[in-house]
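Within every chain, numbering begins at 1; the chains are lettered A, B, ... in the order of the sequence lines, protein sequences first and strands thereafter.
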Protein chains: 2
Amino acid sequence: MRSYGEYCAIAKSLDVVGDRWTLLIVRELALRGPSRYTDLRGGLPGIATNLLADRLRELEHAGVITREDAPPPIATTLYRLTPRGEDLRPLLDELFRWGLPLMTEQNPEDAVRSHWLAGAIGLMLTDRTPDAPPVTVELRTGDQPIVIETRDGTIHTRLGPAESADATLTGPPKPILGLLLGLLGPADAKAGGVDFGGDTTIIERITA
Amino acid sequence: MRSYGEYCAIAKSLDVVGDRWTLLIVRELALRGPSRYTDLRGGLPGIATNLLADRLRELEHAGVITREDAPPPIATTLYRLTPRGEDLRPLLDELFRWGLPLMTEQNPEDAVRSHWLAGAIGLMLTDRTPDAPPVTVELRTGDQPIVIETRDGTIHTRLGPAESADATLTGPPKPILGLLLGLLGPADAKAGGVDFGGDTTIIERITA
DNA sequence: CAGCATCCGCTTTGATACTG
DNA sequence: CAGTATCAAAGCGGATGCTG
């Protein structure tokens with residue numbers, strides 16, 4: 001990207017991370033941790049491969065990421081956020097918060113990746129009864145299951161199946177999100193295609 | 001900008017405000033309040049006028065800004081942030097914070113506008129002795145003076161000359177910023193071209 | 001297969017000129 | 001003042017090819 005040529009902190013930030021795809025690459029590294037080139041591409045559907053290579057170079061040059069050889073026996077290079085790159089997390093959080101209302105419009109051709117939802121869900125849920133025993137909810141939507149766990153009154157999310165879920169939600173991402181956000185009641189969510197499993201009262205405990 | 005086509009809140013935010021110039025237009029409206037087309041152009045040196053017109057249309061369509069006729073006798077239209085647009089302020093703040101370290105590099109051809117600095121300076125200064133009598137500092141840099149005032153222990157900034165400043169700093173923006181950020185001592189700031197006026201001990205009171 | 005580089009058609013941007 | 005019109009240059013998306 002051409003520099004804006006402004007002596008302004010906001011413009012200088014955008015000089016570095018304002019390019020198309022750049023912040024989404026940072027998002028991938030923030031959500032997945034150190035990643036291979038191919039995994040990044042999988043999380044950025046539609047990016048041209050040369051563009052990904054260009055952006056990674058620029059981000060490395062700007063001190064936002066580093067490339068490193070993975071420890072043996074894995075023969076690949078990993079891309080990782082530097083501390084300066086980690087400092088972008090609050091910015092990603094703000095983008096997430098501002099964009100959340102837009103999630104009510106799901107374009108049919110929108111790609112869905114569970115890890116996009118997982119990392120963000122923790123930002124919007126709270127455990128209403130933190131002193132009650134911890135619970136586990138599994139969301140079955142997107143390309144892999146999402147596990148929501150309460151620990152010490154805070155919400156944690158991770159990918160992959162739960163060993164034992166107290167409740168499960170299965171269905172399209174939009175009504176599941178609507179339910180968790182408190183925009184949809186259980187009846188509306190069911191009508192939207194969500195299947196409830198296990199102890200459904202738990203859902204109320206963690207919805208916003 | 002083409003949509004990223006991702007069912008992800010961050011990507012959906014960027015679908016709306018990720019275009020080149022878009023967030024800088026929001027910055028202008030956030031810093032200046034309701035503005036005329038020509039004033040926006042003045043705060044966005046280098047933007048092509050057709051592009052500004054395009055972006056304003058898109059932002060209006062996205063519900064981020066509104067255009068309205070100014071009250072008589074002024075015959076012009078004003079652009080103003082909607083509440084949804086105001087919600088972008090925390091995002092601008094994060095961009096500002098992340099970009100602040102980049103302000104140590106000032107490209108000689110970087111444009112300087114006082115209002116870019118003024119709105120942001122309040123984010124980084126604190127009054128260390130809030131119980132002491134309020135003070136006023138005037139910065140003479142950029143295209144117009146900046147007034148820093150302490151009120152009730154918090155820092156306020158505005159543009160335009162101060163009626164009576166307790167201290168003044170005159171010179172190039174970079175060393176003035178370095179001084180206020182605590183990166184430069186008074187001697188270094190002087191060496192960088194900063195002229196001190198009035199009671200310079202006040203500067204220490206408000207530097208980060 | 002992972003990790004790019006090259007090429008090509010298309011879209012977006014930047015610069016300038018022009019108009020109500 | 002507040003834009004629209006035009007056009008060259010840069011950037012992007014998609015396909016393909018190369019290298020360890």
Undergrad: C:dT12 phosphate, OP1 or OP2: any side-chain N/O from B:W21 under 4.0 angstrom?
TA: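 No, outside the criterion.
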
Undergrad: Between P on C:dC1 and CG on A:D39, what's the gap in Å once rounded to a whole number?
TA: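 For the pair A:D39 CG and C:dC1 P, the rounded distance is 14 Å.
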
Undergrad: Rounded to whole Å, please give me the gap between CD in A:E60 and P in C:dG3.
TA: 14 Å

Undergrad: Taking atom P of D:dA8 as reference, at what distance in whole Å does atom CG of B:L51 sit?
TA: 19 Å

Undergrad: Give me the atom names and distance for the closest heavy-atom approach of A:P145 to A:E138.
TA: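 Looking at all heavy atoms of both residues, the closest pair is CB-OE2, 3.7 Å.
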
Undergrad: Between C:dG3 atom P and A:L44 atom CG, what is the distance in whole Å?
TA: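 It is 14 Å, rounded to the nearest whole Å.
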
Undergrad: Determine: side-chain N/O of A:T38 to OP1/OP2 of C:dC1, distance under 4.0 Å, yes or no.
TA: no

Undergrad: Validate the cation-pi geometry between A:K174 and B:Y7: distance from NZ or CZ to the six-membered ring centre under 6.0 Å, angle to the ring axis within 45°.
TA: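 Judged by the rule (NZ or CZ under 6.0 Å from the ring centre, within 45° of its axis), A:K174 is not positioned above B:Y7.
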
Undergrad: Would you find a donor on one side and an acceptor on the other, under 3.5 Å apart, between the side chain of B:R55 and the backbone of B:D19?
TA: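 No; zero donor-acceptor contacts below 3.5 Å.
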
Undergrad: A:R20 CZ to C:dC10 C1': how many Å, rounded?
TA: 14 Å

Undergrad: Rounded off to whole Å, could you give me the CD1-to-P distance for the B:I47 and D:dT4 pair?
TA: 13 Å

Undergrad: Once you round to the nearest 0.5 Å, how far does CG of A:L95 lie from CG of A:L23?
TA: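 Here the rounded value is 6.5 Å.
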
Undergrad: Just N and O in the side chain of A:R2: are any of them under 4.0 Å from OP1 or OP2 of C:dA15?
TA: yes

Undergrad: Could you pull out every donor-acceptor pair under 3.5 Å between side chains of residues 161-169 of chain B and any protein atom, sequence neighbours left out?
TA:
| from | atom 1 | to | atom 2 | distance (Å) |
| --- | --- | --- | --- | --- |
| B:E163 | OE2 | B:R158 | NH2 | 2.9 |
| B:D166 | OD2 | B:T136 | N | 2.7 |

Undergrad: State whether A:R55 places a side-chain N or O below 4.0 Å from either non-bridging phosphate oxygen (OP1 or OP2) of D:dC12.
TA: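 Yes, A:R55 has a side-chain N/O under 4.0 Å of OP1/OP2 on D:dC12.
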
Undergrad: From CD of A:E58 over to C1' of D:dG11, roughly how many Å is that when rounded to an integer?
TA: 11 Å

Undergrad: Can you give me the N/O atom pairs linking the protein to nucleotides 4-6 of chain C at distances under 3.5 Å, or say none if there are none?
TA:
| from | atom 1 | to | atom 2 | distance (Å) |
| --- | --- | --- | --- | --- |
| C:dC4 | OP1 | A:R67 | NH2 | 3.1 |
| C:dC4 | OP2 | A:R67 | NH2 | 2.9 |
| C:dC4 | OP2 | A:Y79 | OH | 2.2 |
| C:dA5 | OP1 | A:R57 | NH1 | 3.4 |
| C:dA5 | OP2 | A:R57 | NH1 | 3.4 |
| C:dA5 | OP2 | A:R57 | NH2 | 3.1 |

Undergrad: Is the shortest side-chain heavy-atom distance between A:L56 and A:Y37 below 4.5 Å?
TA: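 Yes - at least one pair of side-chain heavy atoms lies under 4.5 Å apart.
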
Undergrad: Tell me whether the guanidinium CZ or amine NZ of A:R20 lies under 6.0 angstrom from the six-membered ring centre of B:Y4 and within 45° of its axis.
TA: yes

Undergrad: Given atom CG of A:L14 and atom P of C:dT13, what is their separation to the nearest angstrom?
TA: 14 Å

